[in-house]
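For reference, the structure is listed below as structure tokens.
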Amino acid sequence: MTPATSGPGRRRRLPQQDRSRSMVRAILDAARTVLENDGYSAASTNKIARAARISPGSLYQYFPDKDAIVAAVVQEYTDQLVARVTGHLLSKIGTCGERELIRESLQVTLDALEEQPELVRAISENTPRLGVSQKIAAVEERIGELVLAHLRLRSQPVPRSSVRVWMSVRVVEHLTMRYVLDRPPIERDVFLDEVTDLIVRYAYT
């Protein structure tokens, strides 16, 4: 086993054998379950170890504390989220109109966020503590690059396109997360339509 550098989200050891990789996989899966059932504040290394059916000592071989485990879960989750959203964007760029691209991308994003709302809450409320700000920023930049690529295919250029895309990506991120966490009395289709209208009017005119 190779020791990992200390810091938020860092592991004590990096798994290099099948058994170790299986152990880490069990810990991360258990952490997702505990976060979903109990929330971030009530989660603990003991609860995660019990859910993974391992001893706390075995858990501490790989992660120094709860925040390191949750940070690893968040990083894995954001990787999966960006793969889904960027995969959709890549399949649609240059093949559909702006409204369709935005609304379907919003729907893909919302689908992913709604799968584990308590994990989304952990990201929203504990990003500085978990040390995943750079990871989230990288996700925003990647999505922004793809939206810019779509804008550049337009016959009519969009004024200040890089500024509008930067702002639009972060507006969408905030609104979708708040919709999942706050559960306002707004029907899902109405929410998708309204946010789509907001972005189309701002980013494409």
Side-chain angles (χ1 to χ4, degrees), residues 8-9 28-44 47-48 51 66-89 92 98-147 163-205:
L28 296 181
D29 288 345
R32 282 199 179 207
T33 299
V34 170
L35 284 169
E36 186 64 25
N37 293 338
D38 302 333
Y40 174 84
S41 297
S44 67
K47 284 184 178 180
I48 294 169
K66 177 181 81 171
D67 281 351
I69 301 171
V70 177
V73 170
V74 169
Q75 291 187 20
E76 182 178 70
Y77 177 76
T78 54
D79 283 341
Q80 294 167 351
L81 175 62
V82 76
R84 288 172 68 168
V85 176
T86 58
H88 175 77
L89 285 169
K92 291 291 185 177
E98 287 86 3
R99 184 175 180 82
E100 180 182 348
L101 176 74
I102 292 170
R103 195 184 192 284
E104 290 190 5
S105 298
L106 276 168
Q107 186 165 327
V108 169
T109 303
L110 201 57
D111 287 345
L113 293 176
E114 286 180 327
E115 287 177 3
Q116 283 202 291
E118 287 304 325
L119 186 52
V120 175
R121 191 176 301 280
I123 296 171
S124 174
E125 297 176 355
N126 301 281
T127 292
R129 180 186 303 172
L130 298 176
V132 295
S133 298
Q134 291 182 337
K135 181 73 173 178
I136 293 171
V139 170
E140 294 167 344
E141 289 298 320
R142 177 58 178 153
I143 293 172
E145 289 169 1
L146 293 174
V147 176
V163 174
R164 295 187 182 195
V165 167
W166 188 94
M167 295 182 72
S168 296
V169 168
R170 284 148 187 84
V171 166
V172 167
E173 176 192 5
H174 179 76
L175 287 176
T176 52
M177 289 185 74
R178 294 323 311 173
Y179 183 78
V180 170
L181 297 179
D182 298 344
R183 283 301 173 196
I186 303 172
E187 292 183 10
R188 197 174 194 270
D189 283 342
V190 172
F191 172 80
L192 290 170
D193 287 340
E194 290 297 316
V195 178
T196 299
D197 287 343
L198 178 70
I199 300 304
V200 168
R201 289 171 185 169
Y202 170 69
Y204 290 90
T205 58

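- Residues satisfying the ring pair (Phe, Tyr, Trp, His ring centres under 6.0 Å) criterion with Tyr40, sequence neighbours excluded, are absent altogether.
- In terms of heavy-atom proximity, Thr109 sits nearest to Leu81 at O-CD1, 4.4 Å.
- In terms of the side chain to side chain donor-acceptor pair (under 3.5 Å) criterion, Lys66 has no residue partners (sequence neighbours excluded).
- When the shell of 6.0 Å around CZ of Arg201 is examined, it contains 12 or fewer heavy atoms from other residues, nucleotides or ligands.
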I'd like to know whether Leu175 forms a side-chain contact (heavy atoms from CB on, under 4.5 Å) with Leu198, so could you lay out the CA-CA distance, the side-chain angles of the two residues, the decisive distance to 0.1 Å, and finally the verdict. CA-CA 11 Å; Leu175 287 176; Leu198 178 70; 4.0 Å; yes
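- Every residue meeting the side chain to side chain contact (heavy atoms under 4.5 Å, CB included) condition with Asp193, not counting sequence neighbours, appears here in chain and number order: Arg99, Arg103.
- Under the side chain to side chain donor-acceptor pair (under 3.5 Å) criterion, Asn37 pairs with no residue at all, not counting sequence neighbours.
- Across all non-hydrogen atoms, the minimal contact from Leu113 to Tyr77 is CA-OH, 3.3 Å.
- With sequence neighbours excluded, the residues forming a salt bridge (charged side-chain N to carboxylate O under 4.0 Å, His left out) with Glu141 are Arg170, listed by chain and number.
- Checked against salt bridge (charged side-chain N to carboxylate O under 4.0 Å, His left out), Arg188 has the following partners two or more places apart in sequence or in another chain: Asp111, Glu114.
- Scanning for side chain to side chain contact (heavy atoms under 4.5 Å, CB included) contacts around Val165 gives Val147, Leu148, Leu151, Val169, with sequence neighbours left out.
- For Glu115, the side chain to side chain donor-acceptor pair (under 3.5 Å) criterion is met by Arg84, not counting sequence neighbours.
- Applying the side chain to side chain contact (heavy atoms under 4.5 Å, CB included) test to Leu106 and every residue at least two apart in sequence or in another chain returns Ile102, Val172, Thr176, Leu192, Val195, Thr196.
- In this structure the side chain of Val82 never reaches within 4.5 angstrom of the side chain of Thr78, judged on heavy atoms.
- Other residues, nucleotides and ligands contribute only 12 or fewer heavy atoms inside 6.0 Å of the CE atom of Met167.
- The minimum heavy-atom distance between Val180 and Pro117, with the atom names listed, is CG1-CB, 3.8 Å.
- With sequence neighbours left out, Lys47 forms a salt bridge (charged side-chain N to carboxylate O under 4.0 Å, His left out) with Asp38.
- For the salt bridge (charged side-chain N to carboxylate O under 4.0 Å, His left out) test, residues two or more places apart in sequence or in another chain that qualify with Arg32 are Glu76.
- Scored by the ring pair (Phe, Tyr, Trp, His ring centres under 6.0 Å) test, Phe191 finds Tyr179 as partners (sequence neighbours excluded).
- The distance from the CZ atom of Arg142 to the CD atom of Glu140 is 14.5 Å, given to the nearest 0.5 Å.
- Side-chain contact between Leu89 and Lys92 is absent, with no heavy atoms from C-beta onward closer than 4.5 Å.
- The distance from the OG atom of Ser124 to the CG atom of Leu119 is 11.5 Å, given to the nearest 0.5 Å.
- A donor-acceptor pair under 3.5 Å is formed between the side chain of Ser105 and the backbone N or O of Leu101.
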